[in-house]
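Before any comments, here is the structure.
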There are 2 protein chains.
Amino acid sequence: MNIVPALDGERKSRKASKETRRSQLIEATIDSLAKRGYSDTTLANVADGAGLSRGIVNFHFESKEKLLVATLQHMSDEYSGHWNAALEKAGPRAADRIWALINADFDRRICTKRKLAAWCAFWGEAKSRPTYQALCGMNDRDYQQTFVTLCTALKAEGGYGYDPEAMALGICSMMEGLWFRLMMNDGLTREKALAAAIEYVAAVFPDHISTSGVK
Amino acid sequence: MNIVPALDGERKSRKASKETRRSQLIEATIDSLAKRGYSDTTLANVADGAGLSRGIVNFHFESKEKLLVATLQHMSDEYSGHWNAALEKAGPRAADRIWALINADFDRRICTKRKLAAWCAFWGEAKSRPTYQALCGMNDRDYQQTFVTLCTALKAEGGYGYDPEAMALGICSMMEGLWFRLMMNDGLTREKALAAAIEYVAAVFPDHISTSGVK
DNA sequence: ATATTTTGACTGAATGTTCATTCAAAATAT
DNA sequence: ATATTTTGAATGAACATTCAGTCAAAATAT
């Protein structure tokens with residue numbers, strides 16, 4: 001069972017730091033959510049997945065509910081950290097920023113089947129659990145608001161006729177829907193999804209964006 | 001508890017037809033999924049919601065799993081029946097058909113918080129349950145294929161430069177995402193979602209569709 | 001340096017709860 | 001009278017949670 005030698009000082013030494021154990025358990029939780037879904041994820045599954053004993057989750061997280069909240073928090077932080085970083089890297093021009101956000105959403109690091117499936121497991125429970133809903137909703141509001149600002153800027157520059165609020169809502173919805181379909185539909189690849197998203201913004205902002213990049 | 005008098009011959013006569021009982025239980029299941037989510041929906045909840053006794057579900061459906069599959073099947077049939085009917089009513093012109101499909105998706109009868117929440121409960125479980133995935137996926141494929149055909153027709157008529165596959169994927173994804181946000185976000189109304197969807201197709205097919213209707 | 005004590009992460013068997021399912025009896029219909 | 005439907009208590013399986021005990025490493029004493 002305990003095959004790992006001394007090599008991995010963090011992972012299997014009897015005393016790993018509390019933080020290390022916590023993230024180890026959070027990763028195992030994501031694995032289980034992705035493989036088994038929300039309702040079939042048990043603490044036994046998580047503990048087995050982490051290669052630790054049965055009581056371990058309650059020791060580090062007090063309860064199953066708190067483990068799940070910590071897991072969602074972790075994914076949420078990672079996601080919003082990622083798109084905020086992409087925004088920082090992009091220049092100040094609105095078209096560049098939109099381009100960066102769209103590409104960030106389909107980045108290899110963020111947009112894996114494993115993570116999408118875990119997200120979806122939480123979404124399915126979110127409406128009936130205020131805690132999950134709050135965690136999912138918080139980022140979303142920021143994210144959509146960012147798009148409203150950018151669409152407003154492009155409209156001012158380019159003289160498009162659209163309502164920026166409606167446009168931003170449409171774009172954000174499309175990207176969420178693409179994520180969802182990536183998870184559900186085995187035929188769809190990250191590349192195709194990204195291409196569809198870009199085709200759309202290129203169609204909507206023809207003066208600023210084309211399928212091959214920002215003009 | 002049992003307040004309903006004789007009035008409702010279908011609902012509380014001791015012998016309601018098997019089919020009547022089944023749909024009564026299916027409706028109670030949708031209620032519970034919407035209120036409590038998938039993982040907190042129990043047979044006791046469903047039976048209570050229907051105003052019947054605890055053992056009743058197993059009598060009519062054999063198992064919880066079969067009740068849930070029947071419920072999903074019911075929602076799926078209703079949904080695809082609705083958009084197919086909308087297509088029949090619309091004329092043969094591609095732009096009219098797209099307009100009809102989009103409006104159908106946000107129709108008052110289909111697009112209720114209750115039903116969206118129930119859909120979402122199933123989506124969250126679908127990736128790890130082949131039966132659900134098959135039921136969700138079947139319609140979706142038809143639906144998206146319908147849009148591919150329509151986008152192809154518009155492209156031929158209007159000389160747009162888009163790839164019809166990518167465009168159809170984008171549109172379907174957006175509508176799914178809008179449904180999702182309708183369920184999650186209390187500030188969003190059916191009317192705003194519909195307006196965003198229409199703005200989207202109007203932007204993409206400017207020669208055929210405007211925000212006020214088909215040209 | 002070596003031995004002893006203390007610390008705190010970790011284990012896994014035991015416990016109690018929740019829940020789907022079963023079924024014998026009751027109610028109702030034919 | 002017989003068949004069908006409904007009830008609700010009983011059953012047992014699955015699961016989260018608890019906790020007394022184990023163990024490795026750190027701290028301290030000799």
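In what follows, chains are A, B, ... by sequence order, proteins preceding strands, each numbered from 1.
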Hey, can you pull the donor-acceptor pairs under 3.5 Å for the side chains in residues 65-73 of chain A, sequence neighbours left out?
from    : atom 1 : to      : atom 2 : distance (Å)
A:Lys66 : NZ     : A:Glu62 : OE1    : 3.4
A:Lys66 : NZ     : A:Glu62 : OE2    : 3.1
A:Thr71 : OG1    : A:Leu67 : O      : 2.8

Side chains of residues 48-58 of chain A: which donor-acceptor pairs under 3.5 Å do they make with residues two or more places apart or in other chains?
from    : atom 1 : to      : atom 2 : distance (Å)
A:Asp48 : OD1    : A:Arg54 : NE     : 3.3
A:Asp48 : OD1    : A:Arg54 : NH2    : 3.3
A:Asp48 : OD2    : A:Arg54 : NH2    : 3.2

Enumerate, atom names and distances included, each donor-acceptor pair closer than 3.5 Å involving a side-chain atom of residues 166-188 of chain B, sequence neighbours excluded.
from     : atom 1 : to       : atom 2 : distance (Å)
B:Ser173 : OG     : B:Leu169 : O      : 2.7
B:Glu176 : OE1    : A:Arg181 : NH1    : 2.8
B:Glu176 : OE2    : A:Arg181 : NH1    : 3.4
B:Trp179 : NE1    : B:Asp105 : O      : 3.1
B:Arg181 : NE     : A:Gln144 : OE1    : 3.4
B:Arg181 : NH1    : A:Asp140 : OD2    : 3.3
B:Arg181 : NH1    : A:Glu176 : OE1    : 2.8
B:Arg181 : NH1    : A:Glu176 : OE2    : 3.4
B:Arg181 : NH2    : A:Gln144 : OE1    : 2.9
B:Asn185 : OD1    : B:Gly187 : N      : 2.9

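Listed nucleotides: C:dT21, D:dT6, D:dT17. Nearest to the side chain of A:Ser63: D:dT17. Closest contact between the side chain of A:Lys18 and the listed nucleotides C:dT11, D:dT17, C:dA9 involves C:dA9.
In terms of the ring pair (Phe, Tyr, Trp, His ring centres under 6.0 Å) criterion, B:Tyr38 has no residue partners (sequence neighbours excluded). Every side-chain contact (heavy atoms from CB on, under 4.5 Å) that A:Thr189 has, sequence neighbours left out, goes to A:Glu191, A:Lys192. B:Glu78 meets the side-chain hydrogen bond (donor to acceptor under 3.5 Å, both in side chains) test with B:Lys115; sequence neighbours excluded. With sequence neighbours left out, the side-chain contact (heavy atoms from CB on, under 4.5 Å) criterion links A:Ala195 to no other residue.
Computed from coordinates, the A:Phe59 CZ to D:dA20 P distance equals 15 Å when rounded to whole Å. Between A:Ile56 atom CD1 and C:dT11 atom P the separation is 5 Å, expressed in whole Å. At whole-Å resolution of the value, CZ in B:Arg36 and C1' in C:dC19 are 14 Å apart. A:Glu65 places its CD atom 20 Å from the P atom of C:dT17, with the value rounded to the nearest Å.
For DNA chain D, if you chain together Watson-Crick or G-U pairs that step i with j, i+1 with j-1 and so on, the runs of at least three with distances under 3.5 Å are C:1-30 with D:1-30.
Distances shorter than 4.0 Å separate some side-chain N or O of A:Arg21 from OP1 or OP2 on C:dC10. Not one side-chain nitrogen or oxygen of A:Asn58 sits closer than 4.0 Å to the OP1 or OP2 atom of D:dA16.
By the 30° and 60° cut-offs, the orientation of the rings of B:Trp83 relative to B:Tyr143 is perpendicular.
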Nucleotide N/O of nucleotides 13-15 of chain D paired with protein N/O under 3.5 Å:
none

